[in-house]
Amino acid sequence: MKDAASLASPAAYADAVATAVQAAAAYYADGTTPLGDDEYDALVRAIESYEAVHPDQVLPDSPTGKVAGGAAGGDVPHSVPMLSLENVFSAEELESWAAGLERRLGRPVDGWCVEPKLDGLAVAARYRSGRLQQLITRGDGLAGEDISHAANAVLGLPQQLAEPLDVELRGEVLLTQDQFDRANEVRTAHGATPFANPRNGAAGTLRAKDRPYRIELTFFAYGAVGLDDLAHTALLERLAELGANTAATTAAHPQHCATVEKAQQRVDEIAALRAALPFGIDGVVIKADSAADQQQAGSGSRAPRWAIARKLPAQYKVTRLLDVEWNVGRTGIIAPRAVLEPVLIDGVTVTYATLHNPADITRRGLLIGDQVFVYRAGDVIPRVEAPLVDQRTGDEKPIAFPDACPRCGDAIDASEQRWRCVRGRSCQAVASIRYAASRDQLDIEGLGGTRAVQLVDADLVADVADLFTLTREQLLGLDRMGETSTDNLLGAIEVARNAPLHRVFCALGVRGTGRTMSRRIAAHFGSMAAIRAADADTLADVDGIGAEKAKVIVAELADLAPVLDKLIALNVGTAVAEPAAAGQDADGAASPLAGEAVVVTGSMTGLLAALSRNEMNELIERAGGKASSAVSKRTTLLVAGDKAGSKRIKAEDLGVRILSPEDFADLVASYLV
Ligand code: IVH
């Protein structure tokens with residue numbers, strides 16, 4: 001993407017013009033463009049700035065000053081040019097535009113109308129004696145294409161007006177979100193590729209002639225030729241009276257505002273409603289309301305001087321699909337998730353997006369490496385809509401579908417659209433038991449994947465607590481389970497019963513708590529019963545747990561209550577000392593790492609050589625410190641082993657104390673077990 005902020009040379013300017021012309025051509029043809037709306041706007045702004053400084057160099061095909069960037073045309077002349085709108089991108093720009101208009105008029109504007117900028121295609125609908133005669137695209141503003149064939153699929157565009165008038169209604173045709181979803185269902189059922197976004201779908205649908213299926217669209221009227229001399233708000237009411245749909249039927253309804261401040265407020269309100277609207281808007285339009293103000297302000301060749309579009313950030317962005325991950329939900333549903341090259345959409349960096357299900361991936365024809373349209377609005381989970389097939393390089397790779405459950409390794413039931421582990425909910429049980437038994441948690445040797453599957457299948461175990469009630473007879477009844485393996489497994493389970501509280505708690509796999517956090521929670525509460533009784537407030541007292549995380553943990557604890565009760569009744573995880581006071585170990589001695597925020601990097605040597613990173617972190621926490629993985633201003637100590645790289649450099653830059661593994665081992669010697 002070009003640096004649109006400034007164009008430094010005639011060649012960069014010419015290049016920018018060529019890119020913009022190409023993008024506008026694709027946008028106005030079928031809505032497919034490799035450039036997002038925000039990037040296009042930025043490019044045109046850069047072109048405008050260059051032209052302001054070098055008026056002698058303006059290229060004839062420059063998109064500035066032209067309706068539709070000069071891209072579209074047609075053979076039906078418009079009676080009155082169909083103009084576009086100038087854009088502003090902030091409240092400040094809107095304010096200075098309004099002040100400019102008032103200066104031009106030499107008086108305050110007599111009220112504003114603020115309304116949604118509908119993200120569709122502008123059309124003119126010609127009526128004679130109240131009957132719809134012809135539907136025309138905007139084209140280049142002077143002439144458009146006849147698209148009358150599409151008129152009967154457009155809701156809100158009456159075939160017959162309520163009065164027998166000769167008039168031309170103007171407005172926007174779009175696909176609402178429901179219409180877009182339905183359109184894509186119909187298209188895929190007919191073997192066609194789904195539309196990438198509603199605007200693209202509206203453009204394609206209006207132009208298409210002989211389709212074997214019907215796609216419904218929606219019209220919103222916001223202007224007319226032949227109903228002059230009405231204030232804009234009155235015109236909108238008149239359009240509705242005549243039977244046309246207007247934005248008055250929506251939550252983002254047009255509103256008369258007496259002052260620019262009130263208009264700004266309505267702009268903010270409409271912007272805040274955006275995510276909840278059942279159709280797309282790409283901005284808010286602010287219009288001088290009175291006919292007198294409009295007439296006096298007049299129009300330029302591209303846009304009226306009495307109206308402006310306050311653009312909102314694009315909700316569709318183009319980025320690259322890097323990978324697809326398969327995640328197993330609580331009910332065993334195996335859902336694909338797109339891993340994306342991070343992209344900023346409306347102020348949020350999007351790295352993951354939902355892909356619904358495998359059939360959906362196939363329907364959309366996605367490949368790894370594709371440039372894709374990603375949609376994000378409000379709190380909606382971002383989703384990948386479609387690939388930009390024209391942008392393919394040939395290096396794209398097919399998406400690999402899993403042939404076994406990525407969580408428990410058992411088979412996949414692919415008979416429905418949404419794939420599911422054949423174990424359904426008990427996939428979770430197998431996975432949670434495998435997790436609980438693993439080395440870093442309860443370290444139960446002999447309880448690997450196959451054994452966990454066997455125990456769940458035989459209905460002997462549904463959760464971690466059930467492990468502690470297993471009997472010798474039950475285990476001997478299992479396939480390939482001899483006396484020795486049985487005794488070994490029971491022995492390992494007995495050892496686990498006496499594991500310290502933090503390990504037992506960690507074995508539960510509570511969301512939001514890893515090993516370090518489990519250690520802190522165990523130290524804070526001291527017993528499983530106290531953890532079970534914790535509420536969000538008490539949890540938030542634990543170092544590193546904020547209000548949000550506390551809520552998540554409380555919900556998880558509620559979910560796990562039956563398991564916690566069983567563990568408490570079975571005396572599992574009681575092998576822990578009373579919680580230590582801050583800065584002291586359990587015996588009351590000052591902890592060597594009290595108040596220290598410690599990061600470990602490089603390979604450990606000497607006494608610490610055999611410790612995994614997790615065991616190092618446990619050691620730090622045991623010795624009263626806080627372990628973290630990244631060096632920051634808060635870090636007070638770096639343990640730097642062999643081949644320590646960027647973390648060491650950063651710590652040096654920040655003046656953080658650095659110790660070798662040997663010196664650190666001396667410091668925490670009494671905690672090395
Ligand atoms: S007024 C002379 N009002 O935005 C008045 N346009 O980017 C010109 N649009 O060409 C248009 N919602 O296609 C107007 N409420 C609205 C609009 C609107 C969407 C479109 C229209 C226009 C384009 C400019």
Side-chain angles (χ1 to χ4, degrees), residues 24 27-28 31 37-38 40-41 44-45 63-72 78-89 101 112-125 135-142 144 147 156 168-175 198-199 202-203 206 217-225 227-228 230 232-233 235-236 239-240 244-250 252-256 263 266-267 270-271 274 277 279-289 291 293-295 297-312 314:
Y27 183 80
Y28 289 101
D37 289 2
D38 289 354
Y40 180 78
D41 285 341
V44 172
R45 295 192 121 199
T64 59
K66 290 184 189 143
V67 169
H78 289 301
S79 46
V80 173
M82 282 185 81
L83 298 182
S84 185
L85 290 168
E86 296 296 347
N87 296 323
V88 290
F89 296 87
L101 177 58
W112 304 92
C113 180
V114 182
E115 62 192 52
K117 183 172 185 309
L118 305 143
D119 194 9
L121 289 101
V123 296
L135 188 64
I136 314 156
T137 64
R138 183 176 64 169
D140 64 1
L142 299 175
I147 49 161
E168 184 173 306
L169 304 195
R170 290 183 171 183
E172 205 83 351
V173 173
L174 51 72
L175 286 173
R199 194 188 175 283
L206 282 180
L217 305 121
T218 299
F219 176 68
F220 285 91
Y222 50 68
V225 180
L227 297 173
D228 303 323
L230 290 174
H232 187 67
T233 38
L235 170 65
L236 292 174
L239 291 169
N245 182 45
T246 70
T249 56
T250 76
H253 56 82
Q255 188 164 298
H256 181 273
R266 184 62 186 156
V267 169
I270 293 180
R274 187 185 194 191
L277 292 174
F279 50 85
I281 65 171
D282 60 341
V284 182
V285 188
I286 302 93
K287 298 173 176 171
D289 194 46
D293 283 351
Q294 292 182 9
Q295 273 151 24
S299 297
S301 65
R302 190 184 105 91
R305 292 190 198 94
W306 45 269
I308 196 87
R310 161 80 157 87
K311 291 288 287 239
L312 295 176

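Counting starts at 1 for both ligands and their atoms, in listed order.
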Report yes if the side chains of [X] and [Y] come closer than 4.5 Å at any heavy-atom pair, otherwise no.
X	Y	answer
Asp293	Trp306	no
Arg138	Leu121	no
Val114	Val267	yes

*Which is closest to atom 3 (N) of ligand 1 by heavy-atom distance: Glu172, Lys287, Arg302?*
Lys287

*Under the ring-ring contact (aromatic ring centres under 6.0 Å, His included) rule, collect the residues that match up with Tyr222, sequence neighbours excluded.*
none

*So, His232 versus Glu115: side-chain donor-acceptor pair below 3.5 Å or not?*
yes

*asked:* Does only the side chain of Arg170 get under 4.0 Å from ligand 1, or the backbone, or both, or neither? Count heavy atoms.
replied: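 None of Arg170 does.
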
*Report the part of Val285 in contact with ligand 1, treating N, CA, C, O as backbone and CB onward as side chain, heavy atoms under 4.0 Å; options are side chain, backbone, both, neither.*
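Side chain only.
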
*With atoms numbered from 1 as shown, which atoms in ligand 1 lie under 4.0 angstrom from a non-hydrogen atom of Leu83?*
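Heavy-atom distances to Leu83 below 4.0 Å select 8 (C), 10 (O).
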
*Just which atoms of ligand 1 are under 4.0 Å from any heavy atom in Glu115?*
3 (N), 15 (N), 16 (C)

*Can you tell me if His78 uses its side chain to pair, donor with acceptor, with the backbone of Thr137 under 3.5 Å?*
yes

*asked:* Given 3.5 Å as the limit, does a donor-acceptor pair link the side chain of Arg302 with the main chain of Leu85, or not?
replied: yes

*In sequence, state the C-alpha distance, the side-chain angles, and the governing distance for Leu206 and Val123, and then conclude on side chain to side chain contact (heavy atoms under 4.5 Å, CB included).*
CA-CA 10 Å; Leu206 282 180; Val123 296; 4.3 Å; yes

Please report whether ligand 1 has a polar contact with [X], defined as an N or O pair separated by less than 3.5 Å (distance criterion only).
X	result
Trp306	no
Leu118	yes
Pro116	yes

*Give me the one residue out of Val284, Leu101, Val88, Val285 that meets side-chain contact (heavy atoms from CB on, under 4.5 Å) with Ile308.*
Val88

Among all protein heavy atoms, pick the one closest to [atom] and tell me residue, atom and distance.
atom	value
atom 17 (C) of ligand 1	Tyr222 CE2, 3.4 Å
atom 5 (C) of ligand 1	Pro304 CG, 4.0 Å
atom 10 (O) of ligand 1	Arg138 NH1, 2.5 Å
atom 4 (O) of ligand 1	Lys117 NZ, 3.1 Å

*May I ask whether Met82 has any heavy atom positioned less than 4.0 angstrom from an atom of ligand 1?*
no

*Answer with yes or no whether Ala309 contacts ligand 1, where contact means a heavy atom under 4.0 Å from a ligand atom.*
no

